[in-house]
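Working notes, beginning with the structure itself.
Source: prediction; values computed, not measured.
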Amino acid sequence: MNGILEFTKKLGAPRLAAMGAVSLGLIGFFVYIILRMSQPQMALLFSDLTLEDSSAIVKELERRQVRFQLRNEGAQVFVPQEQVARVRLQLAEGGMPRGGGVGYEIFDKGDALSSTSFVQGMNQLRALEGELARTIRGIERVQSARVHLVLPERALFSRERSEPSASIVLRVRGGLEPAQIRAIRHLVASAVRGLSPQRISIVDEGGRLLADGAGDASGMMGSTVDERKAGQERRLREQVESIIASVVGPGRARVQVTADMDFNRITQTLDDFDPERRVVRSTQTREEQSSSNEGRDGQVTVGNELPGANQGGAGGNNSREASRKTEETVNYEIARTQRTEVIEAGRVKRVSVAVLVDGIYARDAQGNVNYQPRSAEELDRIGALVRSAIGFDQRRGDQIEIVNLRFAEAPQLAAPEAPKPWWMVYDFTKDDIRYAIELGVLLLVSLLVLLFVVRPLMRRIMAPEEERAIAVAAAGSRSSGGGSSGGNAGAEPGQETGEGATAGKLAAPPLVPGIENATMKMIEMAQIKGEVHQASLTKVSELVDKNPHETVAIIRQWLNDGEPKQ
């Protein structure tokens with residue numbers, strides 16, 4: 001403890017304060033790194049939330065003490081990755097998120113006894129609109145939806161009744177297909193009593209009319225003639241391109257389709273009579289029966305017509321005649337066939353297809369790309385595929401033209417596939433890569449802090465003590481040399497040298513206790529070497545003083561030996 005206290009006193013208050021500041025900074029930095037690495041990896045819980053849904057979800061997460069993060073101005077909520085499934089199930093149990101609309105849960109907290117029929121009707125309308133909006137949001141590419149329903153009530157003593165209508169505003173990602181638009185219209189029409197699909201209007205967030213609700217009875221679903229024609233041409237072009245791309249490769253064929261369509265709605269009624277086929281339609285039979293009495297000679301007289309005139313004697317010439325008549329009438333009907341045909345609008349009258357096909361590219365032995373046109377047989381096969389794809393009909397005048405030309409841009413032929421690197425063997429996700437990058441950055445920053453911050457500070461703290469030790473050693477060497485020269489000048493050679501050496505040794509200050517490092521050891525070795533050299537010089541000086549003549553002879557001999565020989 002005494003050594004520690006002495007070492008602390010020698011360091012001084014400034015250096016202790018600097019060392020404390022560096023220690024606190026390092027502790028805080030490494031605590032931050034440990035906390036950052038110990039934080040759980042956050043995953044997306046819900047996205048594209050309204051402010052109402054975000055507020056309700058955050059309140060529920062705080063109640064359940066679940067860590068969360070809000071991003072994109074509250075539209076996205078992140079929770080720890082291992083809790084995503086459990087939290088979603090818990091929130092779904094509470095009916096969240098609701099999608100920003102009001103559904104049938106509006107009746108859960110309402111008081112049916114105190115509300116009027118008008119309020120009940122409005123709540124029912126709001127609930128129906130909210131449920132339809134939630135259902136529409138489940139369709140792909142639909143980000144949000146808002147539904148407005150108009151359900152007119154029938155007035156008292158009125159025979160006329162207005163049809164219901166609906167308007168829908170959609171916010172979509174990209175664009176909707178015509179089939180999706182028709183599906184939305186039929187979905188809403190099936191959910192509302194008395195609503196027809198033709199009475200539903202659909203508009204996107206850009207104000208574009210996706211479906212007209214004018215009630216078009218032609219069945220065109222609110223689309224214009226140009227839109228239907230463009231849709232038919234696009235469908236045929238996609239069919240042809242898909243089947244050709246499987247033969248020549250993707251992007252190596254260009255297809256253009258022109259469809260001549262008839263948008264007239266035609267109703268035809270046909271009556272066909274076949275005289276060879278007769279059918280009994282009806283049979284009528286009439287039968288008549290009559291009788292008559294005649295007098296003598298068959299004469300008609302007044303006496304014969306009088307009552308009782310025929311009651312004469314037996315000798316009278318009276319006779320009685322009876323007649324019977326049968327009549328049959330048979331009615332025949334000629335065989336008749338009646339047929340009514342309705343030809344809807346949008347009938348294809350003629351199709352023209354133009355196909356441009358690129359040639360074949362291959363690499364030679366030198367690695368150059370060479371072009372080779374396709375053979376006529378291959379083009380004929382492609383033409384057969386195109387005719388089958390569009391439903392070619394020669395009677396209506398369909399035309400197909402297939403041309404093989406070289407494209408302006410040649411395809412990039414893939415080089416031989418190289419083996420996959422080792423890191424692609426493992427199926428790393430984006431979250432794994434991001435986490436690895438964060439760890440790498442933290443480690444790099446830690447290394448830079450140690451090298452460029454901690455190390456210079458420690459050197460600066462320890463440098464004054466080392467400099468003072470070097471200065472003390474240098475001062476000791478200078479004092480030793482001065483004492484030696486002074487002794488040689490003012491005293492006898494033997495005495496002066498011994499006293500000078502002794503004075504030099506005594507003048508050397510003691511080393512600072514407590515500092516045991518490489519620098520101080522080097523200083524001690526340098527002092528020892530200096531003392532050895534000083535002793536050798538002193539011995540030589542004594543010999544020169546005692547034997548001056550021999551010294552001069554030796555020096556002359558050295559000079560003669562050093563001269564060059566002739």
Side-chain angles (χ1 to χ4, degrees), residues 140-141 172-184 202 204 206-212 216 218-266 343-362 369-414:
E140 186 181 3
R141 299 183 184 177
V172 298
R173 304 181 187 91
L176 293 178
E177 299 293 336
Q180 292 177 316
I181 298 175
R182 290 194 298 270
I184 293 174
I202 301 178
D204 64 357
R208 294 177 299 175
L209 183 63
L210 303 179
D212 187 9
D216 189 4
S218 62
M220 296 180 63
M221 303 302 295
S223 60
T224 62
V225 173
D226 293 337
E227 291 175 353
R228 296 199 65 190
K229 183 175 182 295
Q232 180 71 11
E233 293 175 351
R234 182 177 63 254
R235 183 180 64 84
L236 293 176
R237 182 173 63 253
E238 291 176 355
Q239 291 178 355
V240 175
E241 286 182 348
S242 62
I243 196 171
I244 294 180
S246 60
V247 178
V248 301
R252 309 318 304 166
R254 301 290 184 270
V255 180
Q256 292 295 332
V257 179
T258 302
D260 187 7
M261 305 181 67
D262 186 6
F263 293 98
N264 297 322
R265 192 169 184 267
I266 302 173
I343 302 175
E344 295 292 342
R347 181 170 54 92
V348 178
K349 297 171 61 177
R350 187 170 62 91
V351 178
S352 299
V353 181
V355 181
L356 179 61
V357 183
D358 198 3
I360 302 174
Y361 296 86
V369 179
N370 297 327
Y371 172 80
Q372 180 181 357
R374 299 184 183 273
S375 62
E377 182 180 359
E378 188 175 0
L379 295 178
D380 293 339
R381 293 179 180 177
I382 294 175
L385 293 175
V386 173
R387 284 190 292 270
S388 300
I390 67 172
F392 181 81
D393 189 356
Q394 189 175 3
R395 291 178 298 179
R396 67 184 182 185
D398 293 350
Q399 295 182 356
I400 297 177
E401 189 70 25
I402 301 177
V403 179
N404 178 209
L405 294 176
R406 182 174 182 177
F407 284 9
E409 296 180 359
Q412 299 294 333
L413 298 181

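Note that the CG atom of Leu176 and the CG atom of Asp204 stand 8.0 Å from one another [nearest 0.5 Å]. Note: Leu210 CG to Arg182 CZ = 13.0 Å, rounded to the nearest 0.5 Å. Expressed to the nearest 0.5 Å, how far CZ of Arg406 lies from CD of Gln372 amounts to 12.0 Å. Phe407 CZ to Tyr371 OH: the interatomic distance, rounded to the nearest 0.5 Å, is 8.5 Å. Once rounded to the nearest 0.5 Å, the distance linking CD1 of Ile402 with CD1 of Ile244 reads 6.5 Å. Note that CD of Gln239 is 9.5 Å distant from CD1 of Ile390, once rounded to the nearest 0.5 Å.
Looking at Arg374 and Val357, their side chains come closer than 4.5 Å, going by heavy atoms from C-beta outward. Glu378 has its side chain out of reach of Pro373: every pair of non-hydrogen atoms, C-beta onward, lies at least 4.5 Å apart. Between Phe392 and Val353 the shortest side-chain heavy-atom distance does not fall below 4.5 Å. When side chains are defined from C-beta on, Arg381 counts as touching Glu377, because their heavy atoms get closer than 4.5 Å. Residues Glu401 and Val403 have side chains in contact (heavy-atom distance under 4.5 Å, counting atoms from C-beta outward). Between Arg235 and Val257, every side-chain heavy-atom pair lies at or beyond the 4.5 Å cut-off.
Judged as a side-chain hydrogen bond (donor to acceptor under 3.5 Å, both in side chains), the pairs with a partner in residues 252-261 (not counting sequence neighbours) are, in order, Arg252-Asp358.
Nearest heavy atom pair, residue Gly359 against residue Asn404, reads N-ND2, 3.6 Å. Closest of all the heavy-atom pairs between Gln232 and Ala259 is CG-CB, 4.5 Å. The two residues Ala389 and Val240 have their closest heavy-atom pair at CB-CG2, 4.4 Å.
The side-chain hydrogen bond (donor to acceptor under 3.5 Å, both in side chains) search around Arg141 returns none, not counting sequence neighbours. Partners of Arg387 under the side-chain hydrogen bond (donor to acceptor under 3.5 Å, both in side chains) rule, at least two apart in sequence or in another chain, do not exist in this structure.
Ion pairing of Lys229 with Glu233 is present here, as a side-chain N (NZ or NE/NH1/NH2) and a carboxylate O approach within less than 4.0 Å. In this structure, Asp262 pairs ionically with Arg347, as a charged nitrogen and a carboxylate oxygen lie closer than 4.0 Å.
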Take Lys349 and Arg396, measure what side chain to side chain contact (heavy atoms under 4.5 Å, CB included) needs, and give me the verdict at the end.
-> CA-CA 6 Å; Lys349 297 171 61 177; Arg396 67 184 182 185; over 6 Å; no

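For Arg208, the CZ atom sits in a loose shell: 12 or fewer heavy atoms of surrounding residues, nucleotides or ligands are nearer than 6.0 Å.
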